[in-house]
2 protein chains.
Amino acid sequence: MDYNAKQIQIIEVAERLFAQKGFSGTSVRDIAQEADINVSMISYYFGSKEKLIEALFKIRTVESRSRIETIISNDDLTPIQKVYILIDSVIERLMGNQCFHNIMMREQLSSERTPIISDHIMNLKMKNTELMQTLITGGQDAGVFRKNIDFSLMTTTLYGTINQAIATQHFYRKINHLEDLSEEEFQNLMKRKLSQHLKNLFKLTVSNEHQNQH
Amino acid sequence: MDYNAKQIQIIEVAERLFAQKGFSGTSVRDIAQEADINVSMISYYFGSKEKLIEALFKIRTVESRSRIETIISNDDLTPIQKVYILIDSVIERLMGNQCFHNIMMREQLSSERTPIISDHIMNLKMKNTELMQTLITGGQDAGVFRKNIDFSLMTTTLYGTINQAIATQHFYRKINHLEDLSEEEFQNLMKRKLSQHLKNLFKLTVSNEHQNQH
DNA sequence: GTAAAAATCAAACGATCGTTTGATTTTTAT
DNA sequence: ATAAAAATCAAACGATCGTTTGATTTTTAC
């Protein structure tokens, strides 16, 4: 269940290559070369290429969600503040693990995939939707959120917008003339823009009050 | 530039399989078997597997955008009505060509892809963004839209939400207990829900007026 | 220090990949 | 009817795929 340094090195290289070229488009020899190991080490450590991507999903989906959940359950925060925290945490998570979420999006698009990975994704989505529902019904009970909110589609918009932004970031960078920014500066700018945009979207959509934008 | 019936048949089978299993995950023998042709016909007609997917992109990206553009330029419509028409047309286009847009999303996620396809995608995105910008600046000039709108991120939300909804439609169907609907009924329901959701999102975001939801 | 265990390697395995060949059949055009 | 063109086919091509083998080196443990 836990992996040694060499195994983690292989997984991280595989993660990057799978994100770049897809699972089928990446050969074990590609991985071996980039990770500077012998090809047979992949079978030796993981059993197969398929088991390797499963190991990647195991590692990446254990990430502690509890931190966010404790913040969310804090009674000192207003419902809209909690939604804002959720938005920022999702932005941070997706933007901070672009390779892995690139792979996960690909797996979502595949109709035929190993059940183990489908279960991982289904599990994650379940938790995401539950969290969103908890937050929104909490705001509704407090009387500050509208009653007729499709939290399922709000979750879709939250994840869809961020995923789309990541997938088309080169395009976004070009049409907004941001080529002279460093990669890090651009990533931070995207986070800020997305945060502002999504918070505004949610505020106007879920809140009962009609405040002016920004 | 134009293809005969047999070629189109091959392209359509390839489209379905590429969407299901990805480009690298689909072999030319898979395509030949499903299309009930000899393997060599693919090279014979298209030159290579790579040229086949390029042919698919050529066919699918010639679709007449002019119809929408003429509607949009109609002066009898208010700016928000035009935005609504754009939203519905994007929903119809993406939902009605799920296989192709599945492939296109995959291509967007790949950093290494043939320039021909990247150019097709870049071209499409350019036009989409320009259309959105035209609409929004039109509404701003008419004084009914807010001044500080990030039309680039609004486009991202529009396409991102629909793409995410399509990618996770099985999940959406499950958690909303819609398994007893027929496939066609479910697709129509999704279109309606998405239309309502996105129009509401845009109305609240771009419009100067603060009307109640729905 | 030594034996067992783990790690590493080059090489080879059979399978499948995309593509080409060359013969054969079918269609087209006069 | 006949010759040219197009379409179709089984077979084979070399390359690459994921995986295994078996020998060798390195590490571990007492």
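As the structure is a computational prediction, the values presented were derived from the model and not from experiment. We name chains A, B, ... by the order of the sequence lines, and we start the count at 1 in each one.
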| request: For the pair Arg173(B) and Glu183(B), evaluate salt bridge (Lys or Arg N to Asp or Glu O under 4.0 Å) and give the outcome as yes or no after the intermediate values. | output: CA-CA 10 Å; Arg173(B) 192 165 179 164; Glu183(B) 184 59 28; 2.9 Å; yes

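Remark: C1' of dT8(C) and CD1 of Ile42(A) are 13 Å apart, rounded to the nearest angstrom. Across the protein-nucleic acid pair, Ile31(B) atom CD1 and dC17(C) atom C1' stand 12 Å apart, rounded to whole Å. Note: CG (Leu17(B)) to P (dG18(C)) measures 12 Å, nearest angstrom. Distance, Ile10(B) CD1 to dT19(C) P: 13 Å, rounded to whole Å. Look at CG on Asp36(B): it is 17 Å from P on dA7(D), rounded to the nearest Å. Note: CG (Asp30(B)) to P (dT19(C)) measures 14 Å, nearest angstrom. Gln33(A) places its CD atom 17 Å from the C1' atom of dT8(C), with the value rounded to the nearest Å. One can place CZ of Phe18(B) at 12 Å from C1' of dG18(C), the figure rounded to the nearest angstrom.
Side-chain rings of Phe57(A) and Phe100(A) approach one another, their centers coming within less than 6.0 Å.
Contacts between residues 45-57 of chain A and DNA chain D, defined by a heavy-atom separation under 4.0 Å, are made by Ser48(A), Lys49(A).
Each of Lys199(A), Lys191(A), Lys193(A) was evaluated against Ser195(A); a single residue qualifies, Lys199(A), per the side chain to side chain donor-acceptor pair (under 3.5 Å) test.
Taking only side-chain atoms of Ser43(B), from C-beta outward, the nucleotide of dC17(D), dT20(D), dT20(C) with the closest atom is dT20(C). Here the nucleotide nearest the side chain of Met41(B), chosen from dT19(D), dT8(D), dC17(C), is dT8(D). Which of dA7(D), dT19(C), dA12(C) sits closest to the side chain of Asn4(B) comes down to dA7(D).
Remark: Gln98(A) engages Gln169(A), Gln187(A) in a side chain to side chain donor-acceptor pair (under 3.5 Å) (not counting sequence neighbours).
Residues Ser24(B) and Ile37(A) both approach DNA chain C. Their nearest nucleotides, taken by heavy-atom distance, put Ile37(A) toward the 5′ side.
Proximity of Tyr44(B) to the phosphate of dA7(D): a side-chain N or O atom is located under 4.0 Å from OP1 or OP2. Between dA6(D) and Lys6(B), no contact under 4.0 Å exists linking OP1 or OP2 to a side-chain N or O. Distances shown here put a side-chain N or O of Ser27(B) below 4.0 Å from the OP1 or OP2 atom of dC17(C). An OP1 or OP2 oxygen of dA7(C) is reached within less than 4.0 angstrom by no side-chain nitrogen or oxygen of Asn38(A).
A donor and an acceptor atom, one from each side chain of His197(A) and Thr161(A), are nowhere located under 3.5 Å apart. A donor-acceptor contact under 3.5 angstrom links the side chains of Arg106(A) and Asn102(A), judged on distance only.
By the neighbour-count criterion of 12 heavy atoms within 6.0 Å, atom CG of Asn74(B) is densely surrounded, having more than that number from other residues, nucleotides or ligands.
Among the protein residues, Thr26(A) comes within range of the sugar-phosphate backbone only, with heavy atoms under 4.0 Å from sugar or phosphate atoms but none that close to a base.
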